[in-house]
Amino acid sequence: MKIYLLAASVALLTALAPQAQAQTRRAAKNTPAPSAMPLPAGSSTAPDNTPTPPADPSGKLDYRNPAADPLIPVEADKRKPVTDDLQATVVELLELFHDSKQSHWNLRGPLYLPLHEKLQENADEYRKYADILAERVLQVGSPIDGRTGVIAATANLGEFPGGYLSDKQVLILMTERITTVAKRVRQRIEHMSKVDEVTSNQLQELSYVLDKHVWQFRVHMQ
């Protein structure tokens, strides 16, 4: 009896299957494609870029908003002095970074290990402060120029020797170069104290680091 009922159920489902498939096809044909469906009230296909102006005539989105132009926290007459002082400092820091790495790689002598590690530590700090000061230039509305050609032409620290370097040679070279930059930074601190206190404070933090580096190298030679 059970086998008879099961066979009857299978036969019924087989007979109804074509009808169900036909109904499914008719429903799909009458359903609009997603792109043809009406948008909800209040919606739009254009992105909401308010207060950004609409797309430009070429059809590409234009996010240019002239209202953003005056949103610079430093007065217009102070921006160039800040930019000039920080541009000079950034290229000097990038030069010190490269000098430290050149020394780090090519170092020889009994002080190799501690000096090798210290040069890497110094290089990281020069790169860190170069980034901080470069961003300050952007904050006051100017671009920064850290290209290698600009560094070589404007750092004004003299050419750094190539090849192997003794630990004594590195101590003398790097101490002299860091001292030169440290003196320039102190002059800029005084200048910026009359122009922009925020920039002056940033330079003071750098000044402390440079003085520390000079001291740490100096004591190796005393």
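- Just one residue in the list Leu157, Ile189, Thr179 forms a side chain to side chain contact (heavy atoms under 4.5 Å, CB included) with Arg184, and that residue is Leu157.
- Under the 4.5 Å side-chain contact rule for hydrophobic residues, Val170 and Tyr112 share a cluster.
- Side-chain heavy atoms closer than 4.5 Å link hydrophobic residues (I, L, V, M, F, W, Y) into clusters, and following such links, possibly through other members, connects Ile172 to Leu165.
- Here the shortest heavy-atom pairing between Arg177 and Glu95 reads NH2-OE2, 3.3 Å.
- Using a 4.5 Å heavy-atom cutoff, the side chains of Val82 and Val195 are in contact.
- Residues Tyr126 and His213 bring their aromatic ring centres within 6.0 Å.
- Side-chain atoms of Asp124 and Gln120, non-hydrogen and from C-beta on, do get closer than 4.5 Å to each other.
- Between Thr199 and Gln139 there is no side-chain heavy-atom pair separated by less than 4.5 Å.
- Going from atom CG of Asp196 over to atom NZ of Lys194 covers 14.5 Å, rounded to the nearest 0.5 Å.
- Looking at Arg188, its side chain never comes within 3.5 Å of a backbone N or O of Leu86 through a donor-acceptor pair.
- To the nearest 0.5 Å, atom CD of residue Gln169 and atom CE of residue Met174 are 12.0 Å apart.
- Cluster membership for Val219 and Tyr208, using ILVMFWY side-chain heavy atoms within less than 4.5 angstrom, is not shared.
- You'll find the side chain of Arg108 stays beyond 4.5 Å of the side chain of Ser166, heavy atoms only.
- Leu138 and Val198 sit in two unconnected hydrophobic clusters of ILVMFWY residues. Membership requires side-chain heavy atoms under 4.5 Å apart, directly or through other members.
- Heavy atoms from other residues, nucleotides or ligands lying under 6.0 Å from CD of Glu159 number 12 at most.
- Between Leu93 and the choices Val185, Leu133, Ile132, Ile151, the side chain to side chain contact (heavy atoms under 4.5 Å, CB included) rule is met once, by Leu133.
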inquiry  = Using the rule given for salt bridge (charged side-chain N to carboxylate O under 4.0 Å, His left out), can you reason through Lys128 versus Glu125, listing the C-alpha separation, both sets of side-chain angles and the distance that settles it, and then say yes or no?
reply    = CA-CA 5 Å; Lys128 169 188 170 182; Glu125 290 197 283; 5.6 Å; no
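- The side-chain heavy atoms of Glu92 and Asn156, taken from C-beta on, include no pair separated by under 4.5 Å.
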